[in-house]
Amino acid sequence: MQGRDDGQRELLDVSSFAGHLLPAGSVFAFLAEHRHELFPDDMFTDLFPTGRGRPSLPGDVVASVLVLQTLHGLSDREAADAVTFDLRWKAACGFAIDQAGFHPSTLTYWRRRLAASDRPHRIFDAVRDVITQTGAIVGKQRRAVDSTILDDAVARQDTVTQLIAQIRRVGRDVPGAAEQITAVCTRLTAVTGDGYGQVGKPRIAWDDQDALDGLVSALVGDALALLGALDIDTIEQQGGSAADAVALLALVAGQDVEPADGSDGTDGRWRIARKVAPDRVISTVDPEARHAHKTVERRQDGFKAHVVIEPETGLATAVAVTKAAGPGNSDATVGARLVAADGTISPGETVEVLADSAYGTGAMLAALQNAGHTPVIKPWPLRSAVPGGFTIADFAHDPVAGTITCPAGNVRRLTSYGRATFKAACHPCPLKAQCTTSAAGRVIVLHEHDLLQRAHRERATDPGFQATYRALRPMVERTIAWVTRGNRRVPFRGVDKNDAWLHHRAAGLNLRRLLTLGLTATDHGWALS
């Protein structure tokens, strides 16, 4: 059942004895005085639908600990110890000097309850409501969207390690699979003399390519044999961890390998593929972690944190964690979704949306236009078929006539798919060397939102457009730095758990920023002094 704070102070209440030592304007001092108003009891009643059982910790205490924990980058055990031994934490939670804390698993229990609820991000939403009530962003008609890569909590695994680990997992999670592994997964033993119970890497000559290809062939053959021996349809219908284990085995058995030279894939000879699979799983320990690179030089494994920021105050109004790569996880796709879900933008209200070129896709521009927002986004870079040659911007698009004109003045009618062919006109054209390297001539395929992108590129040439972007970019970078400072590595596995962590961290950062801006409690609610 839900625990509640009766409001009575203990004899040795820390706030009474040492509350004056808390730094004025700190999150500790604010929570010590106002955690009940920020996180009232009825905010958590739906998490405990029955009145049976031993009372849990009061919701305002747990919410305060979750905010402080993510703000200071502590593990569950470290947070529980801080509540027991750190007077600042005791004051923030309303504990007495001699009061013990709680078991670290309590925080896990609460996070699971929140994740399973209809409002998993209610703590973030509560702080965002404070932002709205204070008027901190009233009249501020801009939002900035940005992202950063967060390191995962596990180590990247190579193909051999993934295959061995996943076959072992299937043996643990799928009923009867251990016996099937013993019966049909015999190739690894034949090649190395070791089975799937052996700890460590298989013993082969790792600098011998033939030996490595033989090991890969054995592992892929064992994986396929195991999948063939199991009743996959029944396992998938039953779902759960067994279905997840089988699906992941099928994935890792195919994502990094290809038939060996001279093989068609039916003779059991495989090798490591000379390419990287799209949306590649990098670890069977955390299948949702991905390999990504923010720039060509900077490559990381992990997740991507997306943030919508009010660029004058630095307050985060919407956040999300996604996979670092893969369909549906691009900056533009997630950014458009977050702007639409930003609770600080009233229905019908329009804002300017600032972002770098990663957000300058046609789909993002169309989404903002449909919502009535104005993009202040660095245009998507144009590429030319010939270095230094003509780009799509040099081809004049006439939407009324349905035609496109090349730099040499040749006009072609566009198909319903936005396609035009200049092949016949290219051969005698003196500008061909600046336009295409194709012997057959230039073919143009216009983007679905080509006209919108053209208009946006034209708008971006305005000096005022560029001045706005440059003036407000520093605060955006500062907010991203606050998010990652001391917390570049996520504490959990999987998107959902780390998404909840980011929401709690953003709540703490917003609260700290509001206090810097002068957050106070009045008889009528929250205000900035």
Side-chain angles (χ1 to χ4, degrees), residues 141-147 327 330-340 350-426 429-438 440-473:
Q141 301 300 309
R142 294 189 178 100
R143 297 293 184 273
V145 191
D146 206 351
S147 68
S330 69
D331 286 345
T333 300
V334 180
R337 187 168 69 240
L338 283 183
V339 171
T350 60
V351 298
E352 289 184 342
V353 177
L354 286 72
D356 59 30
S357 60
Y359 296 87
T361 64
M364 175 83 167
L365 295 175
L368 295 179
Q369 183 184 61
N370 293 337
H373 302 318
T374 302
V376 183
I377 299 174
K378 191 175 180 180
W380 189 265
L382 295 176
R383 297 180 179 179
S384 59
V386 177
F390 298 123
T391 67
I392 191 66
D394 297 307
F395 289 73
H397 181 188
D398 186 341
V400 177
T403 61
I404 189 165
T405 305
C406 79
N410 298 298
V411 181
R412 291 292 184 272
R413 182 166 296 280
L414 292 164
T415 69
S416 59
Y417 297 100
R419 180 184 174 94
T421 301
F422 291 89
K423 293 181 178 180
C426 288
C429 181
L431 301 179
K432 180 181 178 182
Q434 299 173 258
C435 190
T436 181
T437 59
S438 172
R442 184 71 181 262
V443 176
I444 291 291
V445 180
L446 296 183
H447 190 275
E448 176 186 3
H449 303 294
D450 175 70
L451 293 174
L452 192 58
Q453 290 176 305
R454 289 172 183 264
H456 181 66
R457 285 194 295 270
E458 179 64 27
R459 187 167 57 248
T461 61
D462 189 309
F465 178 102
Q466 299 175 26
T468 298
Y469 183 84
R470 286 195 298 267
L472 296 174
R473 187 66 192 174

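Quick caveat, the model's predicted, so the values are computed rather than measured.
- For the pair Leu382 and Ala393, the tightest heavy-atom approach, listed with the atom from each and the gap, is CD1-CB, 3.6 Å.
- Annotation: the span from Phe465 atom CZ to Thr374 atom OG1 amounts to 10.0 Å, rounded to 0.5 Å.
- The line from OG of Ser147 to CG of Leu338 is 10.5 Å long, rounded to the nearest 0.5 Å.
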- Check the pair Phe390 / Leu431 against side-chain contact (heavy atoms from CB on, under 4.5 Å), numbers first and verdict last. CA-CA 9 Å; Phe390 298 123; Leu431 301 179; 3.9 Å; yes

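- A 4.5 Å side-chain heavy-atom check between Val351 and Arg142 finds every atom pair outside the cut-off.
- A donor-acceptor pair under 3.5 Å is absent between the side-chain atoms of Gln434 and the main chain of Val386, judged by distance alone.
- Using modelled atom types, no side-chain atom of Ser357 and backbone atom of Gly360 make a donor-acceptor pair closer than 3.5 Å.
- Between the side chain of His397 and the backbone N or O of Ile404, no donor-acceptor pair lies under 3.5 Å.
- At a threshold of 4.5 Å between non-hydrogen side-chain atoms, the residues Arg412 and Thr421 do not count as touching.
- Side-chain contact between Thr391 and Arg383 is absent, with no heavy-atom pair separated by less than 4.5 Å.
- Rounded to the nearest 0.5 angstrom, Leu354 CG and Asp146 CG are separated by 10.5 Å.
- Note that SG of Cys435 and CZ of Arg442 are 4.0 Å apart. Values are rounded to the nearest 0.5 Å.
- Counting heavy atoms of neighbouring residues, nucleotides and ligands inside a 6.0 Å radius, atom CZ of Arg457 exceeds 12 of them.
- Note that the CZ atom of Phe422 and the CG atom of Asn410 stand 7.0 Å from one another [nearest 0.5 Å].
- With Thr461 contributing its side chain and Glu458 its backbone, the two residues share a donor-acceptor pair below 3.5 Å.
- The shortest distance between side-chain heavy atoms of Arg470 and Arg473 does not fall below 4.5 Å.
- Put simply, the side chain of Pro375 reaches to within 4.5 Å of the side chain of Arg459, judged on heavy atoms.
- In this structure the side chain of Val353 reaches within 4.5 angstrom of the side chain of Val145, judged on heavy atoms.
- Under a 3.5 Å cut-off, the side chain of Arg413 and the backbone N or O of Ala401 do form a donor-acceptor pair.
- Crowding of Lys432 atom NZ: a count of heavy atoms from other residues, nucleotides or ligands under 6.0 Å exceeding 12.
- Between Leu414 and Thr403, the closest side-chain pair of non-hydrogen atoms is not below 4.5 Å.
- His373 and Thr350 get closest at one heavy-atom pair: ND1-CA, 3.6 Å.
- Side-chain contact between Val411 and Asp398 is absent, with no heavy atoms from C-beta onward closer than 4.5 Å.
- Atoms CZ and CG, from Arg454 and Leu452 in turn, are 12.0 Å apart once rounded to the nearest 0.5 Å.
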Would you mind writing out the side-chain donor-acceptor pairs for residues 361-371 within the sub-3.5 Å range, not counting sequence neighbours?
unit_1: Thr361; atom_1: OG1; unit_2: Met364; atom_2: N; d: 3.2
unit_1: Asn370; atom_1: ND2; unit_2: Ala366; atom_2: O; d: 3.2

